[in-house]
**Q** 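This is the structure I have questions about; it appears just below.
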Amino acid sequence: MTEQNETPAISETPETGITPGGTTGAFRDVLSKDHARRGKPPLHFADMTPEQRIAKAAELGLPKFRVKQLANHYYGHFDVNAAEFTDFPAAKRAEAAQAFFPELIHEVTRQVADNGTTIKILWRLFDGSHIESVLMRYPTRTTLCISSQVGCGMGCPFCATGKLGLTRNMSAGEILEQVRVAARMMRDGEVAGGPGRLSNIVFMGMGEPMGNYNSVLSAVRQISAMPPEGFGISARNITVSTVGVVPGIKKLTAEGIPVRLAVSLHAPSDQLRDELVPMNKRFNTTQVLDAAHDYYLATKRRVSIEYALMRGINDQAEHARLLAKRLNHYGDDWVHVNPIPLNPIEGSRWTASKPEDEKRFLDILHAAGITATLRDTRGQDIDGACGQLAAKTKEAFGRQA
């Protein structure tokens with residue numbers, strides 16, 4: 001397991017929000033050595049309340065209707081290049097760009113796979129940190145996998161991001177910029193297959209979304225609102241994942257937003273999950289599944305159970321049978337299980353299951369009446385697993401600036 005660093009005082013980490021009292025008890029966040037050096041990114045249009053936008057416009061001598069023009073450019077046209085806003089006063093364009101659209105993410109490199117239908121981008125943030133997003137085009141949809149934290153504090157030993165530790169939370173603006181750029185790429189035909197539309201968002205990149213709840217929820221609202229308030233991607237096409245931060249699941253349940261909840265379970269028993277998902281020591285499998293089922297009851301949306309298959313660890317027949325028993329305990333057709341072929345970290349003892357074990361695992365779930373689909377793996381010829389590209393970059397360039 002990832003070595004745990006000393007957790008700072010609560011007063012130093014008011015924004016981490018992993019759990020109430022998350023700095024005490026059996027689980028402590030795994031922090032990056034750069035954690036104490038984090039700062040706040042520049043305030044972006046997407047981070048501002050409507051009142052803040054109007055006040056900022058007034059500082060520039062602009063009437064409030066100009067704010068709606070900026071919103072139309074950002075959400076409706078995916079554009080932040082104010083120099084080309086022909087409906088905006090020429091003398092104010094540069095000021096408006098600086099005040100409302102500071103650069104939050106800068107492309108460092110991109111990797112292309114699957115005949116151009118998968119594009120993974122490494123981004124550099126204002127403080128030199130790196131995050132990743134992956135754009136994946138399928139025949140009937142285009143999905144963007146986005147990051148919500150720099151690194152991750154959950155410490156799952158088979159995960160590349162978990163090995164990085166948590167540096168800091170991302171702002172709503174930093175999260176939304178990943179979406180805006182991907183939407184523009186699709187519109188402009190930068191992905192194989194010609195011009196199209198970004199249709200699905202999954203919070204399954206770097207970070208634990210429930211650990212950055214406020215920014216993630218703000219991003220969800222802006223992704224799903226119609227222009228000029230948001231990007232117009234249906235909330236039903238947004239998936240928010242968690243390793244099982246129960247207070248976050250309960251808060252999301254109360255929001256009444258029909259996003260899909262995905263729970264990274266990875267093991268059917270507490271004994272095994274304690275090893276694979278350290279957060280289980282704080283919220284065990286029963287608590288996690290209870291909260292997930294409550295989410296289903298409240299939203300009538302099936303919960304996705306994510307399950308990374310690891311050879312000889314959690315992929316045997318007895319694991320599948322126990323998983324089926326645990327899920328069927330709740331009695332409804334309330335979950336869709338996604339067994340995921342593990343994308344191994346270089347040099348790790350955690351490796352992918354044998355194809356015959358993957359098939360047997362699925363067969364057992366199907367026989368138990370559970371809907372399950374082996375996850376379509378993308379980016380096998382690039383650094384496909386979340387955090388792999390950022391980890392390699394960190395190694396190559398040393399400590400982040």
**Q** Among all residues two or more places apart in sequence or in another chain, which pass the ring pair (Phe, Tyr, Trp, His ring centres under 6.0 Å) test with His319?
**A**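 Ring pair (Phe, Tyr, Trp, His ring centres under 6.0 Å) check on His319 returns nothing, list empty.
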**Q** Which heavy atom of Tyr75 sits nearest a heavy atom of Pro228, and at what distance?
**A**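 The answer is CD1-O, 3.1 Å.
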**Q** Measuring from atom OG1 of Thr117 to atom CG of Leu135, what distance do you get when rounded to the nearest 0.5 angstrom?
**A**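 Taking OG1 in Thr117 and CG in Leu135, the distance rounds to 9.5 Å.
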**Q** Might you work through the salt bridge (Lys or Arg N to Asp or Glu O under 4.0 Å) test for Asp333 and Arg302, ending with a clear yes or no?
**A** CA-CA 8 Å; Asp333 180 24; Arg302 282 200 300 184; 3.4 Å; yes
**Q** So, does Arg187 use its side chain to make a donor-acceptor pair with the main chain of His77 at under 3.5 Å?
**A**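 Pair found, side chain donor or acceptor close to backbone of His77.
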**Q** Checking side chain to side chain contact (heavy atoms under 4.5 Å, CB included) for the pair Val259/Phe203: CA distance, chi angles, key distance, verdict?
**A** CA-CA 11 Å; Val259 299; Phe203 283 83; over 6 Å; no
**Q** Just wondering, more than 12 heavy atoms not from Asn115 lying within 6.0 Å of its CG?
**A**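 It does not: Asn115 CG has 12 such atoms or fewer within range.
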**Q** In Å and rounded to the nearest 0.5 Å, what is the OH to CG distance from Tyr307 to Leu276?
**A**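 Going from OH on Tyr307 over to CG on Leu276, the span is 8.0 Å.
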**Q** Report the residues that fulfil salt bridge (Lys or Arg N to Asp or Glu O under 4.0 Å) with Glu358, sequence neighbours left out, ordered by chain and then residue number.
**A**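 Scan of Glu358 (salt bridge (Lys or Arg N to Asp or Glu O under 4.0 Å), adjacent residues dropped) gives none.
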**Q** Glu84: what forms a side-chain hydrogen bond (donor to acceptor under 3.5 Å, both in side chains) with it, not counting sequence neighbours?
**A**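 Counting only residues at least two positions away or on another chain, Glu84 forms a side-chain hydrogen bond (donor to acceptor under 3.5 Å, both in side chains) with Asn81.
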**Q** Using only atom types and a distance under 3.5 Å, with no angle test, would you say the side chain of Gln149 pairs donor to acceptor with the backbone of Glu208?
**A**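 Checking the backbone N and O of Glu208 against the side chain of Gln149, a donor-acceptor pair under 3.5 Å is found.
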**Q** Mark yes or no for whether Ser129, through its side chain, and Leu125, through its backbone, hold a donor-acceptor pair below 3.5 Å.
**A**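 It does not hold such a pair.
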**Q** Measure the CG-CD1 distance between Leu323 and Ile364 for me, rounded to the nearest 0.5 Å.
**A**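 The distance works out to 10.0 Å.
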**Q** Are His336 and Thr373 linked by a side-chain donor-acceptor pair shorter than 3.5 Å?
**A**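 The answer is yes; a qualifying pair exists.
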**Q** List the residues meeting salt bridge (Lys or Arg N to Asp or Glu O under 4.0 Å) with Glu103, not counting sequence neighbours, and say none if there are none.
**A**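 By the salt bridge (Lys or Arg N to Asp or Glu O under 4.0 Å) rule, Glu103 matches no residue at all.
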**Q** Given Glu59 and Lys56, is the salt bridge (Lys or Arg N to Asp or Glu O under 4.0 Å) satisfied, shown in steps?
**A** CA-CA 5 Å; Glu59 288 177 21; Lys56 179 62 71 173; 3.6 Å; yes
**Q** Could you walk me through whether Asn212 and Ile175 pass side chain to side chain contact (heavy atoms under 4.5 Å, CB included), step by step?
**A** CA-CA 11 Å; Asn212 189 13; Ile175 295 170; 4.2 Å; yes
**Q** Can you list every pair that meets side chain to side chain donor-acceptor pair (under 3.5 Å) and has a residue in residues 251-261, with sequence neighbours left out?
**A**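 Residue pairs passing side chain to side chain donor-acceptor pair (under 3.5 Å), neighbours aside: Tyr213-Glu255, Arg221-Glu255.
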**Q** Salt bridge check, Lys92 against Glu95: does any charged N sit closer than 4.0 Å to a carboxylate O?
**A**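 Lys92 and Glu95: salt-bridged.
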**Q** Where is the tightest heavy-atom contact between Val243 and Cys156, given as atom of each residue plus distance?
**A**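 Nearest heavy atoms, Val243 then Cys156: CG1-SG, 4.4 Å.
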**Q** Looking at CD of Glu174 and CG of Asn169, how far apart are the two atoms once the value is rounded to the nearest 0.5 Å?
**A**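 Spacing of CD (Glu174) from CG (Asn169) equals 10.0 Å.
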**Q** Among pairs that include at least one residue of residues 305-322, which meet salt bridge (charged side-chain N to carboxylate O under 4.0 Å, His left out), considering only residues two or more places apart or in two chains?
**A**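 Every salt bridge (charged side-chain N to carboxylate O under 4.0 Å, His left out) pair that includes a residue of residues 305-322, provided the two are not neighbours, is Glu306-Arg375.
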**Q** A side-chain contact here means heavy atoms from C-beta on lying under 4.5 Å apart; do Phe45 and Val67 qualify?
**A**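 A side-chain contact under 4.5 Å exists here.
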**Q** Can you name the ring pair (Phe, Tyr, Trp, His ring centres under 6.0 Å) partners of Trp334, sequence neighbours left out?
**A**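 Testing Trp334 for ring pair (Phe, Tyr, Trp, His ring centres under 6.0 Å), a comparison that skips the adjacent residues, returns His293, Tyr330.
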**Q** Can you find a side-chain donor-acceptor pair between Gln287 and Arg282 that sits under 3.5 Å?
**A**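 Looking only at side-chain atoms, Arg282 and Gln287 do not form any donor-acceptor pair under 3.5 Å.
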**Q** List in chain and number order the residues that pass salt bridge (Lys or Arg N to Asp or Glu O under 4.0 Å) with Asp188, two or more places apart in sequence or in another chain; answer none if no residue qualifies.
**A**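 Expected list: none.
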**Q** Would you say the ring centers of His106 and Phe126 fall short of 6.0 Å from each other?
**A**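 No: the rings miss the under 6.0 Å criterion.
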**Q** Who passes side-chain hydrogen bond (donor to acceptor under 3.5 Å, both in side chains) against Thr286, sequence neighbours left out?
**A**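 So Thr286 forms a side-chain hydrogen bond (donor to acceptor under 3.5 Å, both in side chains) with Arg326.
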**Q** Whether the side chain of Asn338 engages the backbone of Ser304 through a donor-acceptor N/O pair (distance < 3.5 Å, no angle test) should be reported.
**A**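 Side chain of Asn338 to backbone of Ser304, a donor-acceptor pair under 3.5 Å: no, none is there.
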**Q** Where the side chain of Arg110 meets the backbone of Lys120, is there a donor-acceptor pair that is under 3.5 Å apart?
**A**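 No; zero donor-acceptor contacts below 3.5 Å.
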**Q** Going by the angle between their ring planes, with limits at 30° and 60°, are Phe158 and Trp350 parallel, tilted or perpendicular?
**A**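 Geometry flag for Trp350 against Phe158: perpendicular rings.
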**Q** Asn280 and Asp270: side chain to side chain contact (heavy atoms under 4.5 Å, CB included), yes or no, with the steps?
**A** CA-CA 7 Å; Asn280 198 68; Asp270 286 324; 3.1 Å; yes
**Q** What residues, two or more places apart in sequence or in another chain, satisfy ring pair (Phe, Tyr, Trp, His ring centres under 6.0 Å) together with Phe88?
**A**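 With sequence neighbours excluded, Phe88 shows a ring pair (Phe, Tyr, Trp, His ring centres under 6.0 Å) to no residue whatsoever.
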**Q** Write down the atom of Gly155, the atom of Pro278, and the distance for their closest heavy-atom approach.
**A**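 Result for this residue pair: O-CG, 3.6 Å.
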**Q** How would you list, by chain and number, every residue that makes a salt bridge (Lys or Arg N to Asp or Glu O under 4.0 Å) with Glu229, sequence neighbours excluded?
**A**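 Glu229 satisfies salt bridge (Lys or Arg N to Asp or Glu O under 4.0 Å) with no other residue.
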**Q** Just so I know, are the side chains of Ile257 and Val220 near enough to count as touching, which here means a heavy-atom distance under 4.5 Å?
**A**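 Yes; the side chains approach each other to less than 4.5 Å.
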**Q** Taking the side chain as C-beta and beyond, is there a heavy-atom pair between His130 and Val150 under 4.5 Å?
**A**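 The answer is no; the side chains never approach within 4.5 Å.
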**Q** Would Ile305 and Ile370 count as a side chain to side chain contact (heavy atoms under 4.5 Å, CB included) here? Give the steps.
**A** CA-CA 11 Å; Ile305 299 294; Ile370 293 173; over 6 Å; no
**Q** Provide the closest heavy-atom pair for Ala46 versus Ala172 in the form atom of the first, atom of the second, distance.
**A**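 Result for this residue pair: O-CB, 4.5 Å.
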**Q** Do the numbers put Arg53 on top of the ring of Phe100, so that NZ or CZ is under 6.0 Å from the six-membered ring centre and no more than 45° off the axis?
**A**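 Output no; distance or angle outside limits.
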**Q** CG of Leu176 to OG of Ser171: how many Å apart, nearest 0.5 Å?
**A**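 Nearest 0.5 Å value for the CG-OG distance: 8.5 Å.
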**Q** When you measure from the side chain of Ser215 to the backbone N and O of Met170, does any donor-acceptor pair fall under 3.5 Å?
**A**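 The answer is yes, because a donor-acceptor pair under 3.5 Å joins these two groups.
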**Q** Do you know which of Phe101, Phe85, Tyr74 makes side-chain contact (heavy atoms from CB on, under 4.5 Å) with Asp79?
**A**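 Only one option passes, and that is Phe85.
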**Q** Does a side-chain heavy-atom distance below 4.5 Å link Ile233 with Ser224?
**A**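 Heavy-atom side-chain distance check fails, nothing below 4.5 Å.
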**Q** Between Asp357 and Lys354, is the closest basic N to carboxylate O distance under 4.0 Å?
**A**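 A salt bridge is absent here (no side-chain N lies under 4.0 Å from a carboxylate O).
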**Q** Atom CD in Glu51, atom NZ in Lys64: separation rounded to 0.5 Å?
**A**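 Answer for the CD-NZ pair, Glu51 versus Lys64, is 10.0 Å.
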**Q** Does any non-hydrogen side-chain atom of Val303 lie less than 4.5 Å from one of Val263?
**A**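 Yes, side chains in contact.
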**Q** With a 4.5 Å heavy-atom cut-off, do His44 and Pro102 have their side chains touching?
**A**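 Yes. Closest side-chain heavy atoms under 4.5 Å.
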**Q** What I'd like to find out is whether the side chain of Ile131 reaches to under 4.5 Å of the side chain of Gln178, using heavy atoms alone.
**A**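 Touching, per the 4.5 Å side-chain cut-off.
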**Q** side-chain hydrogen bond (donor to acceptor under 3.5 Å, both in side chains) with Asp47: which residues, sequence neighbours excluded?
**A**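 Expected list: none.
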**Q** I'd like to check Ile146 versus Glu132 (side-chain heavy atoms, cut-off strictly below 4.5 Å). Are they in contact?
**A**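 Side-chain contact under 4.5 Å: no.
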